[in-house]
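Step one of this worksheet: look at the structure below.
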2 protein chains.
Amino acid sequence: MTEPDRRNTRQRRAVEATLRQTSDFVSAQELHAKMRSGGDSVGLATVYRTLGLMADTGLVDMIRAEDGEARYRLCESDEHHHHLVCRDCGRTVEVEEPAAEQWAAEMARSHGFTNVSHTLEIFGTCDACA
Amino acid sequence: MTEPDRRNTRQRRAVEATLRQTSDFVSAQELHAKMRSGGDSVGLATVYRTLGLMADTGLVDMIRAEDGEARYRLCESDEHHHHLVCRDCGRTVEVEEPAAEQWAAEMARSHGFTNVSHTLEIFGTCDACA
DNA sequence: GTAAATGCAAAAGTTTTGCACCAGA
DNA sequence: TCTGGTGCAAAACTTTTGCATTTAC
């Protein structure tokens with residue numbers, strides 16, 4: 001149960017750097033294409049593997065688009081928060097709602113559920129895309 | 001822009017009947033397997049098409065599991081509500097949170113987002129599965 | 001009779017995996 | 001060197017689609 005090594009590879013640096021240039025949620029495929037066209041070529045499988053790792057560690061936020069596709073973003077806030085996401089351009093606003101956290105926890109506990117996680121995301125069309 | 005015909009086929013009846021026997025969220029694949037083993041054989045594509053239709057009409061609720069798979073359920077309540085779902089067995093409790101509705105709408109409006117939808121689901125392990 | 005619905009198989013799309021090779025530490 | 005990482009291609013999955021056939025109305 002000890003932590004595995006974490007090697008600082010060119011590919012991981014590239015993924016992180018590209019995410020840093022992107023303020024919107026992007027899919028693994030989009031990120032891969034973006035890197036490819038930016039000259040920082042990395043295998044698609046590596047992009048998936050790296051994003052998965054970063055999501056596990058909490059380095060990136062992952063949400064599911066309405067079609068079920070996973071989208072990733074390097075978030076400003078360390079604390080748990082939610083997102084208001086433009087369905088068309090991916091533009092994202094981070095929002096907080098401590099009341100929802102408590103509500104979800106309370107609700108789960110009162111029904112005997114443990115190991116709880118919750119999703120709360122808002123999708124819409126931003127004014128620029130309207 | 002008129003409503004298309006809605007034919008009452010054996011297959012649609014079978015999908016609805018099977019959903020009625022199921023209190024948990026099921027995926028299209030699971031439903032298809034369940035029907036098949038129950039003798040009510042229906043093509044997988046038809047299951048997908050039917051569930052899609054029912055979801056559009058609001059006859060079933062659709063949520064995304066944590067892995068992005070779509071899961072469906074015939075819900076008791078007509079009003080918009082949310083779910084507390086067991087990650088292991090799919091056992092589901094319907095929960096309401098009117099405050100979240102308002103909060104989401106308000107948040108979206110104040111940032112200039114329109115055509116808003118939101119997701120709020122709680123996943124956990126129920127006591128029977130713990 | 002006619003438009004809608006079905007079934008099948010093929011296609012599309014995302015994500016995962018097996019494995020030989022490569023490279024941090 | 002030794003173990004983890006990478007790349008590629010293949011595989012695994014879910015979901016969608018094209019099209020000939022069937023069927024509800």
Side-chain angles (χ1 to χ4, degrees), chain A residues 1-19 24-57 59-73 85 87 90, chain B residues 1-19 25-57 59-73 87 90:
Chain A
M1 202 66 205
T2 42
E3 297 274 313
D5 284 7
R6 278 294 149 75
R7 294 187 184 173
N8 179 11
T9 64
R10 191 206 102 230
Q11 289 85 341
R12 288 183 186 172
R13 269 177 270 120
V15 166
E16 196 179 327
T18 311
L19 279 172
D24 303 330
F25 272 95
V26 288
S27 67
Q29 306 270 359
E30 285 168 352
L31 190 68
H32 178 247
K34 195 165 203 163
M35 295 180 71
R36 180 146 294 201
S37 70
D40 259 339
S41 206
V42 166
L44 178 59
T46 299
V47 173
Y48 273 103
R49 283 187 278 234
T50 304
L51 287 173
L53 266 160
M54 293 177 83
D56 288 346
T57 327
L59 265 67
V60 298
D61 278 5
M62 189 268 267
I63 62 177
R64 295 261 163 209
E66 288 172 305
D67 68 349
E69 189 189 49
R71 306 183 74 82
Y72 302 85
R73 182 177 192 253
V85 186
R87 206 178 267 124
Chain B
M1 202 62 207
T2 42
E3 297 274 312
D5 284 6
R6 279 293 150 74
R7 295 188 183 172
N8 180 12
T9 63
R10 190 207 102 229
Q11 290 83 342
R12 287 184 186 171
R13 268 178 271 119
V15 166
E16 197 179 326
T18 310
L19 279 173
F25 273 95
V26 288
S27 67
Q29 306 271 358
E30 285 168 352
L31 191 67
H32 178 248
K34 195 165 202 163
M35 297 180 69
R36 181 146 294 204
S37 69
D40 259 339
S41 206
V42 166
L44 178 58
T46 299
V47 173
Y48 272 103
R49 283 187 278 234
T50 304
L51 287 172
L53 266 160
M54 294 177 83
D56 288 347
T57 327
L59 264 66
V60 298
D61 279 5
M62 189 268 269
I63 62 176
R64 295 258 164 215
E66 288 172 307
D67 68 349
E69 190 190 47
R71 305 183 75 83
Y72 302 85
R73 181 177 194 257
R87 204 179 268 124

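Every chain is numbered from 1 and lettered A, B, ... according to where its sequence line falls, protein lines coming before strand lines. For clarity, every value in this text was computed on a predicted model and none was experimentally measured.
Phosphate contact (OP1/OP2 of C:dA4, side-chain N/O of B:Arg6, threshold under 4.0 Å): absent. Applying the 4.0 Å criterion to OP1 and OP2 of C:dT6, one finds that B:Arg12 has a side-chain N or O inside that range.
B:His32 places a side-chain N or O within 3.5 Å of a backbone atom of B:Val42 that can act as its donor or acceptor partner. With hydrogens and angles disregarded, no donor-acceptor distance shorter than 3.5 Å links the side chain of A:Arg12 to the backbone of A:Thr50.
Taking atom CZ on B:Arg7 and atom P on C:dG1, their separation rounds to 15 Å, with Å as the unit. Rounded to an integer number of Å, the gap from A:Glu66 CD to C:dT14 C1' is 18 Å. Put simply, CZ on B:Arg64 is 12 Å from C1' on C:dT14, counting in whole angstrom units. Atom CZ in B:Arg10 sits roughly 18 Å away from atom C1' in D:dC25 (whole-Å rounding). Regarding B:Leu53, its CG atom lies at a distance of 16 Å from the P atom of D:dT15, rounded to whole Å. Rounded to whole Å, the distance from CD on A:Gln11 to P on D:dC8 is 10 Å. Between the CG atom of B:Asp56 and the P atom of D:dT16 there is a distance of 11 Å, rounded to whole Å. Between the CD atom of A:Glu69 and the P atom of C:dG13 there is a distance of 11 Å, rounded to whole Å.
Taking five base pairs at each end of the helix from C:dG1-D:dC25 to C:dA25-D:dT1, the local helix axes there meet at an angle of 30°, rounded to 10°.
Of the residues in residues 39-50 of chain B, those lying under 4.0 Å from DNA chain C by heavy-atom distance are B:Val42, B:Gly43, B:Ala45, B:Thr46, B:Arg49. Looking at residues 27-38 of chain A, you'll see that no heavy atom sits under 4.0 Å from any atom of DNA chain D.
Not a single ring-ring contact (aromatic ring centres under 6.0 Å, His included) links B:Tyr72 to another residue, sequence neighbours left out. With sequence neighbours excluded, no residue forms a side-chain hydrogen bond (donor to acceptor under 3.5 Å, both in side chains) with A:Arg49.
Of the inter-residue distances, the one linking A:Arg6 atom CZ with A:Asn8 atom CG reads 12.0 Å to the nearest 0.5 angstrom. One distance of note links CG of B:Asp61 with CE of B:Met54; it measures 11.0 Å at 0.5 Å rounding. With values rounded to the nearest 0.5 angstrom, A:Leu51 atom CG is found 11.0 Å from A:Glu16 atom CD. Atom CZ in B:Arg64 sits 13.0 Å away from atom CD1 in A:Ile63 (nearest 0.5 Å).
Residue pairs that meet the salt bridge (charged side-chain N to carboxylate O under 4.0 Å, His left out) test with at least one member in residues 29-44 of chain A, sequence neighbours left out, are A:Glu30-A:Arg71.
Across all strands shown, B:Asn8 has heavy atoms under 4.0 Å from sugar-phosphate atoms exclusively, and none from any base.
Each of D:dT6, C:dT14, C:dA5 was ranked by its minimum atom distance to the side chain of B:Thr9; first place goes to C:dA5.
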A:Val85 and A:Arg73: CA distance, side-chain angles, deciding distance, side-chain contact (heavy atoms from CB on, under 4.5 Å) verdict: CA-CA 11 Å; A:Val85 186; A:Arg73 182 177 192 253; over 6 Å; no
Worked verdict on A:Leu19 versus A:Val26 for side-chain contact (heavy atoms from CB on, under 4.5 Å): CA-CA 9 Å; A:Leu19 279 172; A:Val26 288; 4.2 Å; yes
side-chain contact (heavy atoms from CB on, under 4.5 Å) assessment of B:Leu44 paired with B:Gln29: CA-CA 7 Å; B:Leu44 178 58; B:Gln29 306 271 358; 3.9 Å; yes
